[in-house]
Amino acid sequence: SNLGTDTLQITSNKVNGRNPDLEKEFRDLVVRKGKEEAQSFAAKFSSGNYHEMKVNVGKGLWMTYAQRLNFTKIELYIYRRPKTWETHNLFYIFEEYRKQVEKYFGEELDWSDDKKVCRIGKTYKDFDLHNRECWDSIASEMVSDMNRLNIALRPIYMKLRGKTPYEYRQILIHWGVDVHPTEWE
């Protein structure tokens, strides 16, 4: 039966309990979906050999897709090594705008401040790497949510990058991004 073949293939490609081939296939799907959306921040991602994909948006700031066997997530990953106080200061700047960020994202987000790294994002717990039936809907949701998360956080990270409103607009035009008239600043 096909099930036996699929199971055998999955088992044979496992490395340290992980399945790099299956993980890469899911990442490729997320990247393809990101490139299909017009004016998509998600189109900036590329699929490598890691189970995380990152786009740098400022010093110590990365928009990230992370995927594991039983969940996947999107997030702003905040880390300035080895100066962890800088990491936490950056997180607190974003946290000051939590209400606005969540309003523009459209739902509550996970705000995580641990010893070394801080994160702002959303986790998809209905994901199962070995269940391809869930892939398409979760990948689509992740791409849509990554675009919304970026729009919600962009005014903050652009200010942190020291951009003037004119420079900010020029960067958006260069990216091919329309700024919604209600985008907060």
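- For Phe127 and Phe26, the distance between ring centers is under 6.0 angstrom.
- Partners of Ser140 under the side-chain hydrogen bond (donor to acceptor under 3.5 Å, both in side chains) rule, at least two apart in sequence or in another chain, are Lys33.
- The environment of Lys116 atom NZ is sparse: at most 12 non-hydrogen atoms of other residues, nucleotides or ligands sit within 6.0 angstrom.
- The distance from atom CH2 of Trp111 to atom CZ of Phe91, rounded to the nearest 0.5 Å, is 6.5 Å.
- A heavy-atom distance below 4.5 Å is not found between the side chains of Met53 and Thr64.
- Both tests do not hold together for Arg119 against Tyr77: distance to the six-membered ring centre under 6.0 Å, angle to the ring axis within 45°.
- Screening Ile78, Asp110, Asp113 for a side-chain contact (heavy atoms from CB on, under 4.5 Å) involving Ile120 leaves a single residue, Ile78.
- In this structure the side chain of Leu153 never reaches within 4.5 angstrom of the side chain of Val57, judged on heavy atoms.
- Within 6.0 Å of CD on Glu107 lie more than 12 heavy atoms contributed by other residues, nucleotides or ligands.
- We find the OG1-CZ distance between Thr87 and Arg80 to be 7.5 Å, quoted to the nearest 0.5 Å.
- Rounding to the nearest 0.5 Å gives a distance of 10.0 Å between CD of Glu52 and CZ of Arg27.
- Considering OH of Tyr124 and SG of Cys134, their distance stands at 13.0 Å, rounded to 0.5 Å.
- Among all heavy-atom pairs drawn from Ala139 and Val30, the shortest one is CB-CG2, 3.9 Å.
- When side chains are defined from C-beta on, Trp135 counts as touching Leu129, because their heavy atoms get closer than 4.5 Å.
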